[in-house]
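Only this structure's heavy atoms are used, side chains among them; waters, hydrogens and symmetry mates stay out.
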Amino acid sequence: MMGRFSLSQRLTLLFILLLLICASVACAVQLYSSTQYGNATVQRLSGGLAQQIVQREAILNAQGGVDRTALKPLFDRLMTFNPSVELYVISPDGDVLADAAPPGHVKRQKIDLRPLQAFLSGAAMPVYGDDPRSENQKVFSVTPLRQDGALRGYLYIILQGEEFNALSEMAWHDALWRTALWSLLLVATFSLLAGLLVWFWVTRPVNRLTRDVAGLDQDSISTIRQLAAEPLEPASRDEVVLLRNSFVELARKITSQWDRLADSDRQRREFIANISHDLRTPLTSLLGYLETLSLKSATLTAQEHQQYLATALRQGQKVRHLSQQLFELARLEHGGIRPQRERFAMAELISDVAQKFELAARTREVNLHIDVPGPLPLVNADVSMIERVVTNLLDNAIRHTPAGGEIRLAVWQENERIQVEVRDSGAGVDDALRDELFQRPSALNTQASRENRGGLGLLIVKRMLELHGGGIRLMESVSGARFRFFVPL
């Protein structure tokens, strides 16, 4: 339905609706305030009327009772002088004992005494009490009726009776119609003015901007690049200028994302070429030794036969290990693996992993030390993933540490993180490899450099830590390599 209207028409309709709502609310507030003010004024002016009547007229008989027949002429006479009031005598329990109402006009025979007590206590006006002739509440005047110090009842006067309400309702309807007509006239005038202003200040600049960007869906990325190359207009409070600048910034983001996608595609192709080369080398060696065994099995000695088989087996294990790493990396990068979190002690996990490498460390004559400062809070993480991280780092450290060297594992708390550091006394990491240590290996790297940087192991470690909200980095070190990673608590 709203799609059939233009922007200026929708804004004008919205403004008209807001004006109507504001006018209605203003009228309602004005009428309510006027009514409250009028009622408070009437009650303040006539609040002592009941007391004055009691002082001049005898309401109770000698026995302290109420004689309806005797009071009716008195009530009629008083109401003749002031037709807007209605007089009642109320018992201490709230029952209507006497009134001057025509037969059938009294709708209540009992009223609530709490407003009367509030009035006598000096409550803020207006105070509304029950009207015996209707279901409404009205302003009133009241005074207690006492005889010999005992409370016999109340003289209760409704200050705005039926006749007053009839005249007031007629005047209220006239005022309401006049207010409504004037409000509609003002709404129509301001709506016309608003429509003109909306067209001049909003619709016209927006239409011009729409024409400027209409060609984006008809051309390729070149059009977006042209829009991204345009300069931003100076800062302004004009929404249309801000919108144009937003379009330019959006075009720049799209261009940047397009370039990153192109670079990612280039890296993907290089990665595929690199992995193809890494797979081809052991596969070629494996097939070569198997072919030799097949062709020369009759002439080979038992020792040569065993040597060729062992070499083929090593090459096959390399292929298997690399394929497993590729599969695991693909699952990590595409959400195929989710951490199964549980709370555990990081220090105990470090100790368990270190125990698995004690034999390998002694075989290589490498000293293995663990530094745990004291009790640490539990970590909420995937135990198997964190164990894989520590295992990979410790395995790399043992392989690159010479005989007589040492490896240190340190665990400590820093703010809301558990920090773990693996330090060795090996040759360290070349400066040329630091920048791409945790990135996919490039096909431009040599086979030796790809082996020195750890293959895909460190990339898998980084992805596992990122799944936990953690991270890893290579710290500066005088000798050896220092890898430090953290896991949030």
Hey, is E414 close enough to R484 for a salt bridge, meaning N to O under 4.0 Å? no
Go through the steps for V461 and F485 under the test side-chain contact (heavy atoms from CB on, under 4.5 Å), then give the verdict. CA-CA 10 Å; V461 164; F485 71 89; over 6 Å; no
With a 4.5 Å heavy-atom cut-off, do V89 and Y156 have their side chains touching? no
Between E387 and K356, does the salt bridge (charged side-chain N to carboxylate O under 4.0 Å, His left out) criterion hold? Intermediate values first, please. CA-CA 11 Å; E387 182 180 2; K356 294 191 302 183; 3.0 Å; yes
Is it true that, when you exclude E348 itself, more than 12 heavy atoms of the residues, nucleotides or ligands shown sit nearer than 6.0 Å to its CD? no
Tell me if the CZ atom of R343 is crowded by more than 12 foreign heavy atoms within 6.0 Å. yes
Can you tell whether the side chains of D382 and R341 come within less than 4.0 Å, N to carboxylate O? no
How far apart are the C-alpha atoms of L97 and I90, what are their side-chain angles, what is the distance that settles it, and do they pass the side-chain contact (heavy atoms from CB on, under 4.5 Å) test? CA-CA 6 Å; L97 301 179; I90 308 299; over 6 Å; no
Full working for side-chain contact (heavy atoms from CB on, under 4.5 Å) between L349 and I386: CA-CA 8 Å; L349 177 64; I386 302 303; 3.6 Å; yes
Below 4.5 Å, heavy atoms only, C-beta onward: do W412 and V372 meet side chain to side chain? no
Atom of L465, atom of G471 and distance for their closest heavy-atom approach: CD1-O, 3.7 Å
To the nearest 0.5 angstrom, please state how far the OG atom of S384 sits from the CZ atom of R388. 10.0 Å
Can you check whether A228's main-chain N or O pairs, donor with acceptor, with R252's side chain at less than 3.5 Å? yes
So do L232 and E249 actually touch side chain to side chain, heavy atoms under 4.5 Å? yes
For Q413 and N415, indicate whether the former's side chain and the latter's backbone hold a donor-acceptor pair under 3.5 Å. yes
For a side-chain contact (heavy atoms from CB on, under 4.5 Å) with V487, tell me which candidate from Q419, M385, M346 qualifies. M346
Closest heavy-atom pair and its distance - S141, A50: OG-N, 3.2 Å
Quick one, L393 with I472, criterion side-chain contact (heavy atoms from CB on, under 4.5 Å). Give me CA distance, side-chain angles, the key distance, then yes/no. CA-CA 11 Å; L393 295 177; I472 185 172; 4.0 Å; yes
A side-chain contact here means heavy atoms from C-beta on lying under 4.5 Å apart; do L155 and V142 qualify? no
Do V383 and E342 touch side chain to side chain, with heavy atoms closer than 4.5 Å? yes
Rounded to the nearest 0.5 Å, how far apart are NZ of K110 and CG of D93? 5.5 Å
Distance, nearest 0.5 Å, that separates CD1 of I370 from CG of L409: 6.0 Å
Rounding to 0.5 Å, atoms CG (N136) and CD (Q160) come to a distance of 11.5 Å
In terms of side-chain heavy atoms, does S256 have a donor or acceptor partner in R260 at a distance below 3.5 Å? yes
Report yes if the side chains of L159 and K138 come closer than 4.5 Å at any heavy-atom pair, otherwise no. no
Does any non-hydrogen side-chain atom of R56 lie less than 4.5 Å from one of I53? no
Do F483 and L458 come within less than 4.5 Å of each other through their side chains, counting heavy atoms only? yes
Specify the closest pair of heavy atoms between L120 and T143, including all atoms of both residues, with the distance to one decimal. CD2-CA, 4.4 Å
Minimum-distance pair of heavy atoms, taken over all atoms of L151 and P92: O-CG, 3.8 Å
Assess, by modelled atom type and distance only, whether the side chains of N39 and Y128 contain a donor and an acceptor separated by less than 3.5 Å. yes
Tell me whether R114 is salt-bridged to D112, with the criterion being a basic N under 4.0 Å from an acidic carboxylate O. yes
Value for CG (L378) from CZ (F344), rounded to nearest 0.5 Å, stands at 9.0 Å
In terms of side-chain geometry, is the basic nitrogen of E421 or R482 positioned less than 4.0 Å from the acidic oxygen of its partner? yes
Give a yes or no on whether the backbone of R133 and the side-chain of D131 come within a donor-acceptor separation of less than 3.5 Å. yes
In terms of heavy-atom contacts, P115 and V127 come closest through O-CG1, 3.7 Å
Which atoms form the tightest heavy-atom contact between F140 and Q43, and what is the distance? O-NE2, 3.1 Å
Using modelled atom types and a 3.5 Å cut-off, is there a donor and acceptor pairing between side-chain atoms of R408 and backbone atoms of R423? no
Take a 6.0 Å sphere around CZ of R417 and say whether it holds more than 12 heavy atoms from other residues, nucleotides or ligands. no
Drop me the distance from L45's CG to T41's OG1, to the nearest 0.5 angstrom. 6.5 Å
With no hydrogens and no angle check, is any side-chain donor or acceptor of S91 less than 3.5 Å from a backbone partner on D95? yes
